[in-house]
Amino acid sequence: MGVGATMQSLAEILSSDSGSLVLGLAALVAMAAPFVDRYFIRRRRLAFRVLYNSKIGLSPIDLHDGENGSAQAAPQLAQMARLLDRMSIVVIRIHNTGGFDIAPDDFEIPLSFTFGSRIVWDARVSDATDDGLRQHVRDGLEFFTRDTPQRPVEGVKLSRVRALLPKRLAGLAAAEPPAEAPEWHGVRFARLSLKRKEKFKLVVVLREPGDGDGEISKEIDHHARLAAGRIKDERKQRRITWPIVTTAVGVLLTGALLATLLVSWSRPSGGTAQCAAGKLSVEGSSAFVPIMDNIAAEYHAQCDDAAITTRATGSVTGVRALAPLDAAGKDGLAVLSDGRSGEAGPDLEAKAVAVVVYSLVVNRAAGVDRLTTQQVKDIFSGRVRNWDQLRPGPSVPIGIVGRGQESGTRKTFEQKVLGGAEDRLTSDSCRRPERDPAAATTRCERGTTAEVLTEVAAVPGAIGYADVPAAKTAAARNPQVGVVQLDGRYPDVTAIDAGYGFWTVEYLYTKGVPDGESVLKRFLDYLASPAARAELQDAGYTPCVAKDGLLDPLCTRADS
């Protein structure tokens, strides 16, 4: 099925009652997805934002007491200023933005921050939601070294860092800092817990290694994993997030659902059958009777008092049976015909039902999957009698499986492909011309499409024709049946505009105009309903009556 047909099928399904249900469920899922994620899947959420990340700004060139800079500060003070000039401050706000409290055991990896090559000197907690939270965070704040992995085995508490601070400052003032002066490169929150909406700020004092005059680095990394939750850096938050997208899709689907319901409510006939009591027989085309039987069953499911039977008699035979009916029996019979019938008189009314595309089918032993129209003519005329005349490979005699004179499918094949009548009947077995051993073709006939496909599957080298839905079903069930391209085009309704010619329109004939209260009239109306159109689409046919009630252009083109 091509893109156009697929979209049309989708539109038909969405306009049906089941389609409205699909739209409603899709809209509900799209709009509920962010809430399910937030409150059930990733219900714990921790966000942080870097509010400040810059150097302290004390420069040694400012340390003099003369305008011309001739009077310099003491060497130790200059050394201290030079080192402080390499120091920076980072302020990070940490906030529980979820709908649930976060406990220490919820962290699979504790939240920690590192700052590239910068060394951590001190840290403090400020602007906490309350003093209890501030003390809790301070008690769990640890410092760790670069050699420690993402989840450090050992850390140093804030109290210990503060105790070493005088020694480290003394090292800064010295010409060379003591070798044993400790260096930490990250801070970690051990046993952190935050209630809903609780937040605090972490202030970290850092120093860039070395004494150069280069720029202070701004690198900050975090490491953490929260069970059943997520940790988000608000600096990297995208404006268009997936919750926004899914909510927008849900709103659009809701709009489509409302539009579909409004159209359905405004449609006069809707998808519900208008019932009538009585009997109706639908006869004719063996290719189309199976799908009509399904539609009749759907109608009967809504209308218990309507008894509709179907029978495959062939298009020509069916139309001939309709012609002699009198006024009393005319509304008890409707006839399916593949294409317009030459047997139909002026008193018969034709209703276009669907576009029917046909295909050549072969037994796989033939060794071909594509033919030209001229090759098909040569086969059916007897000019080509063996498949080795059309392709390299073993000799396989050709057996033609055709339809009888009553078949509308045969009439379409003769008109659209052969451009003339098929050869005479020469075989009963489809394997050899026992009726006429000297005949140019081995040609048998079968009464229905199903029988043709059964014979093609059974006879090596056989060729026949059938409507595409039946041919595809047979090929799927029996590996001996192959669907054949014609003139390089695969049999499909989308190939018609490209030049595929083996197709027609299925018509439903009645004897005059049916009575307005008859089962026939109600059933004809039902054929234009969304339910019937969806049934036709599912079976592989293109309905002639579109959703807007207008006739499909292919159905008008077939008559031109």
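For the residue pair Glu506 and Ser337, no side-chain donor N or O sits within less than 3.5 Å of a side-chain acceptor on the partner. Side-chain atoms of Asp338 and Thr409 form a donor-acceptor pair, as typed in the model, at a separation below 3.5 Å. In this structure, a donor-acceptor pair under 3.5 Å is absent between the side chains of Asp487 and Thr372. A donor and an acceptor atom, one from each side chain of Ser395 and Asn386, are located under 3.5 Å apart. Counted by atom type alone, Glu298 and Asn294 present zero donor-acceptor pairs between their side chains at under 3.5 Å.
Counting only distance, with no hydrogens or angles, the side chain of Ser381 and the backbone of Asp378 share a donor-acceptor pair below 3.5 Å. Using modelled atom types, one side-chain atom of Glu414 and one backbone atom of Glu422 make a donor-acceptor pair closer than 3.5 Å. In terms of modelled atom types and a separation under 3.5 Å, the side chain of Asn363 and the main chain of Ala457 share a donor-acceptor contact. No donor-acceptor distance shorter than 3.5 angstrom exists from the side chain of Arg45 to the backbone of Arg230, with no hydrogens or angles considered. The main-chain N or O of Arg446 is found under 3.5 Å from a side-chain atom of Arg403 such that the two form a donor-acceptor pair. Side-chain atoms of Asp525 do not come within 3.5 Å of backbone N or O of Ala528 as any donor-acceptor pair. Side-chain N or O atoms of Asp538 include none that pairs as donor or acceptor with a backbone N or O of Glu535 at under 3.5 Å. When atom types are taken as modelled, the side chain of Ser286 and the backbone of Thr449 share a donor-acceptor pair closer than 3.5 angstrom. The backbone N or O of Leu194 sits less than 3.5 Å from a side-chain atom of Asn96, completing a donor-acceptor pair. A donor-acceptor pair is defined here as one N or O able to donate and one able to accept, closer than 3.5 Å; such a pair exists between the side chain of Glu434 and the backbone of Asp428.
Annotation: side chain of Pro530 is not in contact with side chain of Lys547 (no heavy-atom distance under 4.5 Å). Counting heavy atoms from C-beta on, the side chains of Leu371 and Leu390 come closer than 4.5 Å. Two residues are said to be in side-chain contact when any heavy atoms from C-beta on lie closer than 4.5 Å; Ile308 and Val519 meet this criterion. Glu283 places none of its side-chain heavy atoms less than 4.5 Å from the side chain of Thr310. Side-chain atoms of Val362 and Trp387, non-hydrogen and from C-beta on, do get closer than 4.5 Å to each other. Side-chain atoms of Val361 and Ile463, non-hydrogen and from C-beta on, never get closer than 4.5 Å to each other. Side-chain contact between Ser341 and Val316 is absent, with no heavy atoms from C-beta onward closer than 4.5 Å. Side-chain contact check for Leu348 versus Lys511: some heavy-atom pair is nearer than 4.5 Å.
Heavy atoms only, all atoms of each residue included: Ala334 and Leu508 are closest at CB-CD1, 3.8 Å. The shortest non-hydrogen separation linking Arg385 to Ala440 is NE-O, 2.8 Å. A pairwise comparison of heavy atoms in Val483 and Ala475 identifies CG2-CB, 4.2 Å as the closest pair. Residues Ala462 and Val456 approach most closely at CB-CA, 3.9 Å, considering heavy atoms. Nearest heavy-atom pair, Ser429 versus Ser427, reported as atom, atom and distance to 0.1 Å: N-OG, 3.2 Å. Between Lys330 and Asp515, the closest heavy-atom pair is NZ-N, 4.2 Å.
Relative ring orientation between Phe523 and Tyr299 is described as perpendicular, the plane-to-plane angle rising above 60° on a 0-90° scale split at 30° and 60°.
We find the CG-CG distance between Asp331 and Leu325 to be 9.5 Å, quoted to the nearest 0.5 Å. The CD1 atom of Ile379 sits 4.5 Å away from the CD1 atom of Ile398 when rounded to the nearest 0.5 Å. How far CG of Leu536 is from CE of Met292: 7.0 Å, rounded to the nearest 0.5 Å. Here the OG1 atom belonging to Thr309 is positioned 9.0 Å from the CG atom belonging to Asp293, to the nearest 0.5 angstrom. Here OG1 of Thr97 is found 11.5 Å from NZ of Lys197. Values are rounded to the nearest 0.5 Å. To the nearest 0.5 Å, atom CZ of residue Phe502 and atom CG of residue Leu360 are 6.0 Å apart.
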Can you list the steps and then say if Gln274 with Tyr526 is a side chain to side chain contact (heavy atoms under 4.5 Å, CB included)? CA-CA 8 Å; Gln274 294 182 345; Tyr526 183 71; over 6 Å; no
Go through it in stages, so that I can follow the logic: the residues are Ile102 and Leu46, the test is side chain to side chain contact (heavy atoms under 4.5 Å, CB included), and I'd like the CA-CA distance, side-chain angles, deciding distance and then a yes or no. CA-CA 8 Å; Ile102 298 175; Leu46 189 68; 4.2 Å; yes
Apply side chain to side chain contact (heavy atoms under 4.5 Å, CB included) to the pair Val282 and Val289, showing each step before the final yes or no. CA-CA 8 Å; Val282 180; Val289 157; 5.7 Å; no
Step-by-step salt bridge (charged side-chain N to carboxylate O under 4.0 Å, His left out) determination, Asp106 to Arg44: CA-CA 9 Å; Asp106 294 329; Arg44 300 182 182 90; 3.0 Å; yes
Go through it in stages, so that I can follow the logic: the residues are Arg320 and Glu406, the test is salt bridge (charged side-chain N to carboxylate O under 4.0 Å, His left out), and I'd like the CA-CA distance, side-chain angles, deciding distance and then a yes or no. CA-CA 10 Å; Arg320 286 175 179 171; Glu406 79 288 346; over 6 Å; no
Which is it for Arg431 and Glu455 under the side chain to side chain contact (heavy atoms under 4.5 Å, CB included) test, yes or no, and what are the steps along the way? CA-CA 10 Å; Arg431 288 167 172 80; Glu455 208 65 59; 3.8 Å; yes
Determine, stepwise, if the pair Arg522 / Glu517 fulfils salt bridge (charged side-chain N to carboxylate O under 4.0 Å, His left out). CA-CA 7 Å; Arg522 299 304 190 195; Glu517 299 301 322; 3.2 Å; yes
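A salt bridge is defined here as a Lys NZ or Arg NE, NH1 or NH2 lying under 4.0 Å from an Asp or Glu carboxylate O, and Glu445 with Arg443 meets this definition.
Taking the centre and axis of the six-membered ring of Tyr507, the NZ or CZ atom of Arg340 falls inside the cone set by 45° and 6.0 Å.
Checked against the 6.0 Å centroid criterion, the rings of Tyr465 and Tyr358 do not qualify as a close aromatic pair. For Tyr541 and Phe288, the ring centers sit closer than 6.0 Å to each other.
Under a cut-off of 6.0 angstrom, the local environment of CZ in Arg383 is crowded, with over 12 non-hydrogen atoms contributed by other residues, nucleotides or ligands. The number of heavy-atom neighbours closer than 6.0 Å to CZ of Arg391, taken from other residues, nucleotides and ligands shown, is above 12.
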